[in-house]
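Notes for the one structure printed next.
Quick note on labels: first sequence line is chain A, next is B, and so on, each numbered from 1. On a predicted model such as this, the values are computed, not experimentally measured, just so you know.
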Number of protein chains: 2
Amino acid sequence: MTRVSPKTLSFSQECNDCPIRHRAVCARCEADELTQLEQIKYYRSFEAGQTVVWAGDKMDFVASVVTGIATLSQTMEDGRRQMVGLLLPSDFAGRPGRETSAYDVTAATDLVMCCFRKKPFEEMMLRTPHIGQRLLEMTLDELDAAREWMLLLGRKTAREKIASLICIIARRDASLQLSASDGELRFDLPLTREAMSEYLGLTLETVSRQMSALRKEGLIVTEGKRQIVIPDFDALLEETGDDSDGGFLI
Amino acid sequence: MTRVSPKTLSFSQECNDCPIRHRAVCARCEADELTQLEQIKYYRSFEAGQTVVWAGDKMDFVASVVTGIATLSQTMEDGRRQMVGLLLPSDFAGRPGRETSAYDVTAATDLVMCCFRKKPFEEMMLRTPHIGQRLLEMTLDELDAAREWMLLLGRKTAREKIASLICIIARRDASLQLSASDGELRFDLPLTREAMSEYLGLTLETVSRQMSALRKEGLIVTEGKRQIVIPDFDALLEETGDDSDGGFLI
DNA sequence: TTGACACATTGATGTAGATCAAGACCATGA
DNA sequence: TCATGGTCTTGATCTACATCAATGTGTCAA
């Protein structure tokens with residue numbers, strides 16, 4: 001099987017620095033609009049660990065990830081943290097029509113984002129309806145992903161959570177194309193144990209223990225610190241608790 | 001304090017049987033479009049406990065809740081269930097551009113929904129862009145709610161989960177208007193213990209125990225089976241673990 | 001080469017919430 | 001009046017994961 005979302009992949013191959021991926025998606029995009037988008041866009045780089053914006057801070061731009069990984073997190077007063085969004089290349093951040101960020105946005109790895117000042121972007125959305133339609137589609141996808149994530153957080157065991165996360169990243173991470181040979185998947189797991197624990201609603205120790213367990217059972221192989229090999233993707237899928245035909249929502 | 005979302009309330013007062021709440025929201029709605037909407041809409045009623053659609057089933061309509069409460073749930077192969085959506089009057093269900101339902105949709109109470117066949121609805125969306133814009137706005141709100149919910153599922157204690165759920169319903173349930181006098185809130189908790197446990201990622205026994213605890217401490221008072229009185233809303237908010245100025249996301 | 005630091009692993013122990021089990025409460029209907 | 005079934009409560013016990021603590025590993029810089 002080793003299914004990979006063709007959609008995500010094709011986007012990131014063709015154009016991943018446009019918030020609505022217009023070159024890949026919108027045949028109807030007119031040259032004028034394209035040019036306007038080009039004019040208002042700019043790039044920002046962050047080092048791994050840096051914060052892009054804090055929850056509550058002013059955020060006068062929308063952006064999409066060009067390279068690297070960004071996370072959205074919520075923090076409680078006493079410091080408990082829960083990741084609520086994971087942005088891979090070509091994913092979109094920022095909410096039109098809101099002044100401040102509702103979440104901490106953090107660079108999980110070195111990160112380049114393609115930004116658009118919010119005002120002109122919103123004006124352009126009004127002028128070109130299909131951009132709004134594309135944004136609606138993307139938001140609905142994110143909502144589905146969030147709901148999948150809720151099932152994980154509310155009902156899965158630690159082991160199932162880890163297996164699920166690895167499968168999710170394997171499916172989404174474009175770099176896996178590099179060696180999707182003979183049923184074996186090799187890719188970077190670009191998150192620290194701590195980031196994984198924030199994603200999964202676990203402690204970092206539990207993440208480490210469950211990773212070790214999967215390793216001992218041969219379901220995953222680790223090479224170096226972050227490189228992961230999945231010898232048999234279907235076997236790992238079995239451990240996620242998901243329906244074996246499990247949709248395509250992420 | 002006892003803050004109540006003015007937005008939700010005004011919608012449900014003025015027009016809660018329109019999926020995009022156009023009468024309340026869209027000054028720009030033209031008579032023609034209104035008439036068209038009226039023509040393609042129809043009503044469906046369900047008894048408490050009935051299933052509206054199963055996950056994977058064909059769903060050729062979109063709908064909004066008129067009265068009652070509907071839930072969206074996901075089920076794992078072994079029967080573990082997690083609620084991923086709670087629809088109160090005026091909330092929207094169904095995804096334009098998808099053939100089948102991704103979730104079980106269930107009537108938590110007796111329920112009336114206002115439905116629109118999907119095809120004509122989608123066509124109308126294309127003709128009138130601001131309906132799509134409104135839908136985007138609503139979807140973004142839902143995404144925010146889902147992320148709040150993820151924090152609850154991943155990081156809150158059982159006690160905090162219960163307190164949060166009660167506050168969420170108190171804020172959203174329009175019926176609370178009836179007696180929002182002198183800081184005391186009285187309203188129906190329209191969910192069984194089991195439904196609450198599916199919402200919160202707990203067992204029904206834990207829900208029951210924590211409800212009893214809050215009752216013994218005087219944070220809530222129960223009258224009959226489902227009627228709840230919150231003598232001091234702020235005191236209950238303290239127990240949710242949320243920031244005391246905690247945004248307005250639901 | 002040696003700290004120093006960030007990150008990961010592993011062990012020992014504690015505990016919140018799950019699980020299993022027994023009743024209580026309350027409506028409905030014979 | 002008493003059964004019946006659905007919902008809720010409460011108790012006893014178990015366990016998955018958290019917590020606390022020590023140690024290991026790789027990288028960088030002096």
**OP:** Look at the side chain of A/Glu205 against the base of D/dC20 and say whether a donor-acceptor pair falls under 3.5 Å; ignore hydrogens and angles.
**Re:** yes

Original post:
Between A/Arg95 and B/Asp141, does at least one N-O distance fall below 4.0 Å, as a salt bridge requires?
Top reply: yes

Subject >> Side-chain ion pair, A/Glu194 and A/Arg81, N-O less than 4.0 Å >> reply: no

**OP:** For the side chain of B/Arg209, starting at C-beta, report the closest nucleotide among D/dT9, C/dT19, C/dG11.
**Re:** C/dT19

Original post:
If we only count heavy atoms from C-beta on, is the A/Met76 to B/Glu160 side-chain gap below 4.5 Å?
Top reply: yes

Original post:
With a 4.5 Å limit on heavy-atom distance, are the side chains of A/Ile162 and A/Leu165 in contact?
Top reply: no

Taking atom [atom2] of [N] as reference, at what distance in whole Å does atom [atom1] of [X] sit?
{"X": "A/Ile228", "N": "C/dA8", "atom1": "CD1", "atom2": "C1'", "answer": "13 Å"}
{"X": "B/Leu191", "N": "D/dT7", "atom1": "CG", "atom2": "C1'", "answer": "14 Å"}
{"X": "B/Met211", "N": "D/dC8", "atom1": "CE", "atom2": "P", "answer": "9 Å"}
{"X": "A/Leu204", "N": "C/dT10", "atom1": "CG", "atom2": "C1'", "answer": "12 Å"}
{"X": "A/Glu47", "N": "D/dC28", "atom1": "CD", "atom2": "P", "answer": "13 Å"}
{"X": "A/Gln227", "N": "D/dG26", "atom1": "CD", "atom2": "P", "answer": "16 Å"}
{"X": "B/Ile162", "N": "C/dG17", "atom1": "CD1", "atom2": "C1'", "answer": "12 Å"}
{"X": "A/Leu189", "N": "C/dC7", "atom1": "CG", "atom2": "P", "answer": "15 Å"}

Across the strands shown, which category fits [X] at heavy-atom distances under 4.0 angstrom: base, sugar-phosphate, nothing?
{"X": "A/Arg159", "value": "nothing"}
{"X": "A/Thr192", "value": "sugar-phosphate"}
{"X": "B/Gly49", "value": "nothing"}
{"X": "A/Ser208", "value": "base"}
{"X": "B/Ser212", "value": "sugar-phosphate"}

Original post:
Between A/Thr206 and A/Arg155, who's closer to the 5' end of DNA chain C by nearest nucleotide?
Top reply: A/Thr206

Give a yes/no answer on whether the side chain of [X] brings an N or O atom under 4.0 Å of OP1 or OP2 in [N].
{"X": "B/Arg193", "N": "D/dT9", "value": "yes"}
{"X": "A/Thr203", "N": "D/dC17", "value": "no"}
{"X": "A/Arg226", "N": "C/dA8", "value": "yes"}

**OP:** Give me the ring orientation class for B/Tyr199 and B/Trp149: parallel if the planes are under 30° apart, tilted from 30 to 60°, perpendicular past 60°.
**Re:** parallel

**OP:** Please work out which residues in residues 215-222 of chain B have a non-hydrogen atom less than 4.0 Å from an atom of DNA chain D and list them by number.
**Re:** B/Arg215

**OP:** Could you tell me whether B/Glu47 atom CD has more than 12 heavy atoms of other residues or ligands within 6.0 Å of it?
**Re:** no

Original post:
Heavy-atom count around A/Gln50 CD within 6.0 Å, excluding the residue itself: above 12?
Top reply: yes

**OP:** Walk me through it: do A/Gln227 and A/Asp188 pass the test side chain to side chain donor-acceptor pair (under 3.5 Å)?
**Re:** CA-CA 5 Å; A/Gln227 183 108 172; A/Asp188 263 2; 3.2 Å; yes

